[in-house]
Amino acid sequence: MKTHWIFGIALSAVLSTTAMAASVQSSVIANNTPRFVATAKNLGPANAAEVIDVSVWLTLRNRSEMDSLIGKLYDRKSANYRQWLKLADVVAKFAPTAQEAAAVREYLSSHGLTVVKVDPDNFVVRVQGTIANVEKAFQVKISTFEVNGTVYRANTTDPSVDGPAAALIQAVGGLDNLVYTHPFTQRVALNPPTGGSTSVSNAAEFISDVCFPGTVTQKYTTNGSDPIATYKGNGYNSSTTGCGYTPPNIQAAYNLTGLYGEGFDGTGQTIVIIDWCGSPTIKHDANVFSAKFGLPTLTSSNFKILNSGTAPTCGAPDPEINIDVEWAHAIAPGANIDLVVPPSASFQDVDNGELYALENNLGNVISGSYGSEELYTATSILGIESAINEIAALMGVSANFASGDYGDYTFDEGEPASVSAPADSPYATAVGGISLALKSNNTIAWQGGWGTNETLLDDEGSIFDPPLNFGFAFGSGGGPSAVFSKPSFQSSLSGSHRKLPDISWLADPFTGGVIAISEPFTYPAVEWTVYGGTSLATPMFSALWAIANQEAGAALGQAAQYLYSMPAGTITDVLPVGSTTNVTASIKEPTVTNDYSAAEIAAPLEGTHEFVSALWDYPDYQDTVYVITFGTDSGLKTATGWDDVTGLGTPNAQAFADYFNPSN
């Protein structure tokens, strides 16, 4: 079994495992510049008087031994199999020493920076100072750049460090102000007439679980005359409440009820959810959700909110937190939930949040519904994220991350392909997404790789001839990492790099999950609405992994290490799905009738041949009709076996968790 993963020449320079001799007086912290700096518009120097926080990550010791040990811990034939390290063991073997941290602290203090905190295990030193002092300390210039319409701060070259500290620093976070984002999505129309959305709630009728009510034929005219359009095909739920799935729907569809019948619901396990800023209403909202669907009440004994740094000042009702907490609880109702709240979405705050969870031994499953585009993230920071995930894997913890909601990031516009970090780490488990249609008995009618195109047919009585194709709206992230080499558990896959995702679950907001959330200035205060995104799939899978740990009777560690060798029946391969009743159009003009095939209406299909399309009467506006196309992910395609939309597929929950029962 291959036990050492080579991350490529660039990253191996960053993750050097031995300190250079103290006689070396200067060292460049390689690959610590965001890659957009080379191409983005430079708007000039950053404000030199601005005070910023910087995290200085120290180099791990004995890194080659650490990488080798990972292989043994997950090798069934090894005497080290599942002999997880305790935090004290990790610190003793691999963490920077107190003397090394002191040397780094001295360097930073001597260059005018204020030391805010030294990590208790010496992994990172947090400092604060003006941009002018930071530039002097790290021998860089910091400028502002315009990237895709947004202004960011970033260093223009890699930082350098002098003296004894030079050989001890692995990466410097905070020189740029890039942040993680939450990949959650709502069911919305692209370019609606006045910017409306279908986030309709508080209706007398609860959200329907019938997303596809059958085939329809609809006829529209323009002020009673030509052109006259006739649209035929699958219908999509067009009620004001819309459609979405509830915990009972998903529990039945994926055989979770069988697990509960066996007595496995996550009891004794803790799911650690990392979400910045926090929400003052989350416990209340989750208990409204729980009461509605017969789930246990969240109390101080099974639900904790923990600040991983300073108290956040940005707290507000946040759909992401509601998605994570409510759906983790829905899948594993017996598990405890620890909500770890970093003070901001910055890489340094959130990465510190994950480290905080490990250093405090909070649980065996970490759920991270966030990410950044690998292409724009400094390679050294990617290395830090992966190192934290490797520590998790050493300790028997699975760090699960969303693979993103933007396909391959090309957006059908020729942008460079990329993937989401930290899901790209070989030591993480990447969770992608699917679209789902259920029958009335909650069995699966079809599930397809999540990728949605939108086409506008009629805009408040104005018929488009030809239909107006908006193309890709959102879909499961995936593809090969440009940084990390292929881990041993993906040895059966083609190529030489880490591939995303590993596994998938419900994510399409057009077939999404119901949540309860408090919204200011509304009555009643708690709204019911539907969200999707790989932000929904990730807590769902994390909760199932907690149940698998419960059934195993011991910590299993990184989930991805097992998925590729699990037997048939535990994971359902998600295949391309099509329909014989996809939407077609016939538009009668004064002198000619124009017919449009389902493929023409769904375009651009990027080579996809099988898809499902449905007519959606946009509920906010009269005579406004869209076609929603399912199974058209940007640059990615669902296929037999592993694919870059759904990974290996979706878990068959009962068989999946039962596989880990020692008696089997």
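Because the structure is a prediction, the values reported are computed rather than measured.
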Completion exercise
Here the pair of heavy atoms bringing Asp53 nearest to Gln348 is O-NE2, 3.0 Å
Exercise for the section: Taking atom types as modelled, find out whether Asp349 and Ser344 have a side-chain donor-acceptor pair closer than 3.5 angstrom. Expected result: yes
Problem - Donor + acceptor pair across side chains of Ser435, Thr511 (<3.5 Å) - result: no
Exercise for the section: Measure the spacing between CG of Leu436 and CD1 of Ile250 and express it to the nearest 0.5 Å. Expected result: 5.5 Å
Problem - side-chain contact (heavy atoms from CB on, under 4.5 Å) evaluation trace for Glu606 with Leu636 - result: CA-CA 9 Å; Glu606 297 189 89; Leu636 309 175; over 6 Å; no
Exercise for the section: Side-chain contact test, heavy atoms from C-beta onward, threshold under 4.5 Å: evaluate it for Phe656 versus Tyr562 and give yes or no. Expected result: no
Exercise for the section: Using the test side-chain hydrogen bond (donor to acceptor under 3.5 Å, both in side chains), find all partners of Thr144 that sit at least two apart in sequence or belong to another chain. Expected result: none
Problem - Qualifying residues under ring pair (Phe, Tyr, Trp, His ring centres under 6.0 Å), relative to Phe401, sequence neighbours excluded - result: Tyr370
Problem - Thr640/Leu575 under side-chain contact (heavy atoms from CB on, under 4.5 Å): CA gap, chis, key distance, verdict - result: CA-CA 6 Å; Thr640 301; Leu575 303 174; 3.7 Å; yes
Practice task
May I ask you to decide if Asn32's main-chain N or O and Asn155's side chain share a donor-acceptor pair within less than 3.5 Å?
Solution key: yes
Exercise for the section: Answer yes if the ring centres of Trp327 and Tyr531 are under 6.0 angstrom apart, and no otherwise. Expected result: no
Exercise for the section: Indicate yes or no: at least one non-hydrogen side-chain atom of Lys499 is less than 4.5 angstrom from one of Val419. Expected result: no
Handout entry: Donor on one side chain, acceptor on other, Thr455 and Asn469, under 3.5 Å
Key = yes
Handout entry: Distance in Å, Thr638 OG1 paired with Asp643 CG, rounded so as to fall on 0.5 Å steps
Key = 5.0 Å
Handout entry: Exercise: do Ser579 and Asn234 side chains pair donor with acceptor under 3.5 Å
Key = yes
Exercise for the section: Answer yes if the ring centres of Tyr409 and Tyr376 are under 6.0 angstrom apart, and no otherwise. Expected result: no
Problem - Flag, side chain of Thr33 to backbone of Thr157, donor-acceptor distance under 3.5 Å - result: yes
Problem - Exercise: identify the closest heavy-atom pair between Asp424 and Arg498 - result: O-CG, 3.1 Å
Practice task
Please confirm whether the backbone N or O of Cys243 pairs with a side-chain atom of Arg187, one donor and one acceptor, at under 3.5 Å?
Solution key: yes
Completion exercise
Correct closest heavy-atom pair for Pro576 and Glu610 would be CB-OE2, 3.7 Å
Practice task
Without swapping roles, check the side chain of Asp508 against the backbone of Trp450 for a donor-acceptor pair under 3.5 Å.
Solution key: no
Exercise for the section: Using atom types as modelled and distance alone, determine if a side-chain donor or acceptor of Thr156 lies under 3.5 Å from a backbone N or O of Lys141. Expected result: yes
Exercise for the section: Answer whether the closest heavy-atom distance between the side chains of Phe184 and Ile515 falls below 4.5 Å. Expected result: no
Problem - Donor on one side chain, acceptor on other, Asn453 and Thr629, under 3.5 Å - result: no
Handout entry: Pairwise side-chain contact, Val124 with Ile384, heavy-atom cut-off 4.5 Å (strictly under)
Key = no
Exercise for the section: I would like to know whether Thr572 and Thr650 meet side chain to side chain donor-acceptor pair (under 3.5 Å); could you show each step before the answer? Expected result: CA-CA 5 Å; Thr572 302; Thr650 55; 4.5 Å; no
Problem - Spatial distance of atom CD (Glu454) from atom CG (Leu456) [nearest 0.5 Å] - result: 9.5 Å
Practice task
Check whether any side-chain N or O of Lys486 sits under 3.5 Å from a backbone N or O of Leu493 as a donor-acceptor pair, and report yes or no.
Solution key: yes
Problem - Residue from Val140, Asp158, Ile169 passing side chain to side chain contact (heavy atoms under 4.5 Å, CB included) with Ile29 - result: Ile169
Handout entry: Side-chain heavy-atom pair Phe138, Val56 within 4.5 angstrom cut-off
Key = yes
Handout entry: Beyond-backbone contact of Ser55 with Asn352, side-chain heavy atoms, under 4.5 angstrom
Key = yes
Fill in the blank from the handout: The side-chain hydrogen bond (donor to acceptor under 3.5 Å, both in side chains) partners of Ser420 (sequence neighbours excluded) come to none
Handout entry: Ion pair Arg35/Glu373, N-O distance below 4.0 Å
Key = no
Problem - Thr534 and Asp405 side chains, donor-acceptor separation under 3.5 Å - result: yes
Problem - Under 3.5 Å: donor-acceptor pair, side chain of Asn177, backbone of Arg153 - result: yes
Practice task
Look up atom CG in Leu615 and atom CZ in Phe212, then write down how far apart they are to the nearest 0.5 Å.
Solution key: 12.0 Å
Practice task
State, without any angle test, whether Ser425 and Glu385 hold a side-chain donor-acceptor pair at a distance under 3.5 Å.
Solution key: no
Exercise for the section: Carefully, step by step, assess Asp351 and Tyr180 under the rule side chain to side chain donor-acceptor pair (under 3.5 Å). Expected result: CA-CA 10 Å; Asp351 292 344; Tyr180 288 118; 2.7 Å; yes
Practice task
Taking Asn31 for its side chain and Ser380 for its backbone only, find out whether a donor-acceptor pair lies under 3.5 Å.
Solution key: no
Completion exercise
All heavy atoms of Ser398 vs all of Thr429, minimum pair found to be OG-OG1, 3.7 Å
Problem - Shortest non-hydrogen separation from Leu382 to Ala421 and the atoms involved - result: CD2-CB, 3.4 Å
Problem - Modelled atom types, side-chain donor and acceptor of Tyr564 and Gln490, under 3.5 Å - result: yes
Handout entry: Residue pair Asn582, Ile601: steps toward the side-chain contact (heavy atoms from CB on, under 4.5 Å) verdict
Key = CA-CA 10 Å; Asn582 281 331; Ile601 292 176; over 6 Å; no
Fill in the blank from the handout: To the nearest 0.5 Å, atom CD1 of Ile503 lies from atom CE of Met540 at 11.0 Å
Handout entry: Donor-acceptor pair, side chain of Gln170 and main chain of Trp57, under 3.5 angstrom
Key = no
Exercise for the section: Look at the rings of Tyr236 and Phe510 and say which category their plane angle falls in: under 30° parallel, 30 to 60° tilted, over 60° perpendicular. Expected result: perpendicular
Exercise for the section: Without swapping roles, check the side chain of Glu374 against the backbone of Ala482 for a donor-acceptor pair under 3.5 Å. Expected result: yes
Exercise for the section: With Ser369 as reference, evaluate Asn400, Asp324, Asp275 under the side-chain hydrogen bond (donor to acceptor under 3.5 Å, both in side chains) test and give the passing residue. Expected result: Asp324
Handout entry: Geometric class of the Tyr406/Phe411 ring pair [parallel <30°, tilted 30-60°, perpendicular >60°]
Key = tilted
Problem - Leu536 vs Trp505 side-chain heavy atoms within contact, under 4.5 Å - result: no
Exercise for the section: Dump the intermediate steps for side-chain contact (heavy atoms from CB on, under 4.5 Å) on Val350 and Trp276, then the final yes or no. Expected result: CA-CA 7 Å; Val350 179; Trp276 52 85; 3.6 Å; yes
Handout entry: Point-to-point distance, once rounded to the nearest 0.5 Å, from CG of Leu457 to CH2 of Trp616
Key = 12.5 Å
Practice task
Evaluate the side-chain proximity of Gln558 to Phe489: yes if any heavy-atom separation is below 4.5 Å, no if none is.
Solution key: yes
Completion exercise
Between Leu438 and Tyr245, the two heavy atoms sitting closest are N-OH, 3.2 Å
